[in-house]
Amino acid sequence: MAEQTAPARAGTPSPAKSDAAVVRDALGVGVAVGLSGFAFGVTAAGSGLTLLQTCALSLLVFTGASQFALVGALAAGGNPYTAAAGAFFLGVRNTFYGLRLSQLLALPRAVRPFAAHWVIDETTAVSLAQPTRRAARIGFTVTGATLYALWNLTTLLGALGAEAIGDTDAWGLDAAGPAVFLALLAPMLTSTTERAVAALAVVIGLGLLPVLPAGVPVLLAALAAPAVLYVAGRRSPARGDTTDDAPHGTDGHDAHDPDPGTRTESATGPGTGTATDTGDDTHDQRGDDQRGHDGTGQAER
């Protein structure tokens, strides 16, 4: 049916994909990422959050990057409001995911508020990779359900395990959160611009870490994105100016000169010389023809 076909690129056919294949791919993503909730549970417990607070974050927030950013800032002694602001800014990206998925999935209005809670990186990636709307809905649902269940279960296990082993710093588990975050981020840096933004953000964050309160360097590191995009935008017009200046004639005139006296007429054929000579010769020929007609007329009279 037409309404079950996801928007595709023009001229690109939508290959058929079985429901079983979609479910298999979705389960693979959900299980692989859902198990990292254990690291969050350990990190949250090590940052001073109680078991109830840790589980509430996974149940109600359910966006891994924001959760890791929040507990990481708290573990470093940051202000809770600053930590919450950093987590909020990281979660804003899910709003843009929702705008795209609302058109792709076209879910009933009654279901959208509940589905919005599952709009995260993984469900968006799986949904956009499907060739039809039906497959996108299956991928979104299976990925969201699997990931939500496993993430909350492993968060609980991680928090309980952290309490059982005592001081997480002694085991080096305080580095689990940043390690998982980098593991999720690294495969997404596919372009030169993205890598430049990430590198500049690291420089800003590490450079300001000794002089600013915990959590603030993370917020300021977000300035790396507009800075890199500004530089990239400045370089693009510079290339365009070079291209525009290139098409000039060898005699110093612009190749797009609108002067009709300097245009080459197609009727003159090849080997007629320069465009200016062609125009002059044409005018001279017309003058000779006109004088020839005048002389013929006088002879006849």
Side-chain angles (χ1 to χ4, degrees), residues 1-37 40 56-69 87-155 180-181 183-195 197-198 225 229:
M1 295 176 62
E3 67 270 15
Q4 292 181 341
T5 301
R9 293 189 181 97
T12 303
S14 297
K17 191 172 184 179
S18 65
D19 293 349
V22 177
V23 171
R24 182 183 64 246
D25 294 343
L27 284 175
V29 173
V31 171
V33 180
L35 293 177
S36 62
F40 171 73
L57 274 176
S58 287
L59 285 169
L60 303 177
V61 178
F62 188 55
T63 173
S66 297
Q67 292 178 233
F68 277 117
F88 171 79
F89 284 120
L90 281 174
V92 167
R93 73 191 188 282
N94 294 335
T95 303
F96 299 99
Y97 293 161
L99 294 176
R100 181 66 183 92
L101 290 180
S102 65
Q103 300 176 0
L104 175 63
L105 302 178
L107 298 174
R109 291 186 179 274
V111 180
R112 291 183 184 182
F114 302 98
H117 195 52
W118 287 356
V119 176
I120 53 177
D121 299 329
E122 292 76 19
T123 55
T124 301
V126 172
S127 299
L128 293 179
Q130 307 310 319
T132 63
R133 176 164 292 158
R134 172 183 172 82
R137 287 177 172 178
I138 294 175
F140 177 86
T141 304
V142 174
T143 304
T146 305
L147 185 52
Y148 188 75
L150 273 180
W151 180 265
N152 283 279
L153 176 60
T154 53
T155 294
V180 172
F181 182 79
L184 293 174
L185 177 64
M188 302 179 186
L189 304 178
T190 57
S191 68
T192 302
T193 301
E194 293 170 347
R195 288 190 287 268
V197 170
L229 293 178

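In what follows, residues are counted from 1 in the order of the sequence shown. On a predicted model such as this, the values are computed, not experimentally measured, just so you know.
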Looking only at non-hydrogen atoms, find the nearest pair between [X] and [Y] and report the distance.
{"X": "Arg195", "Y": "Leu189", "value": "NH1-O, 3.4 Å"}
{"X": "Leu107", "Y": "Arg112", "value": "O-NE, 2.9 Å"}
{"X": "Val119", "Y": "Gly98", "value": "CG1-N, 3.7 Å"}
{"X": "Phe62", "Y": "Ile120", "value": "O-CG2, 3.4 Å"}
{"X": "Gly139", "Y": "Val22", "value": "N-CG1, 3.6 Å"}
{"X": "Ser66", "Y": "Ala87", "value": "OG-O, 2.9 Å"}

In Å and rounded to the nearest 0.5 Å, what is the [atom1] to [atom2] distance from [X] to [Y]?
{"X": "Arg93", "Y": "Asp121", "atom1": "CZ", "atom2": "CG", "value": "4.0 Å"}
{"X": "Leu128", "Y": "Tyr97", "atom1": "CG", "atom2": "OH", "value": "9.5 Å"}
{"X": "Trp118", "Y": "Thr123", "atom1": "CH2", "atom2": "OG1", "value": "9.5 Å"}
{"X": "Thr132", "Y": "Arg137", "atom1": "OG1", "atom2": "CZ", "value": "10.0 Å"}
{"X": "Thr63", "Y": "Glu122", "atom1": "OG1", "atom2": "CD", "value": "8.5 Å"}

Side-chain contact, heavy-atom cut-off 4.5 Å: Val126 with Phe140?
-> no

Any Arg133 side-chain heavy atom under 4.5 Å of Leu104 side chain |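 The answer is no, as the side chains (C-beta and beyond) never meet within the 4.5 Å cut-off.
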
May I ask you to check whether Ser58 and Trp151 show a side-chain donor-acceptor distance below 3.5 Å?
-> yes

Is the backbone N or O of [Y] less than 3.5 Å from a side-chain atom of [X], with the two atoms forming a donor-acceptor pair by type?
{"X": "Asn152", "Y": "Leu59", "result": "yes"}
{"X": "Ser102", "Y": "Leu99", "result": "yes"}
{"X": "Ser127", "Y": "Thr124", "result": "no"}

Enumerate, atom names and distances included, each donor-acceptor pair closer than 3.5 Å involving a side-chain atom of residues 24-32, sequence neighbours excluded.
{"from": "Asp25", "atom 1": "OD2", "to": "Lys17", "atom 2": "NZ", "distance (Å)": "3.0"}

His117 and Tyr148 aromatic ring geometry - parallel, tilted or perpendicular at 30°/60° bounds =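 Aromatic pair Tyr148/His117 classed perpendicular.
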
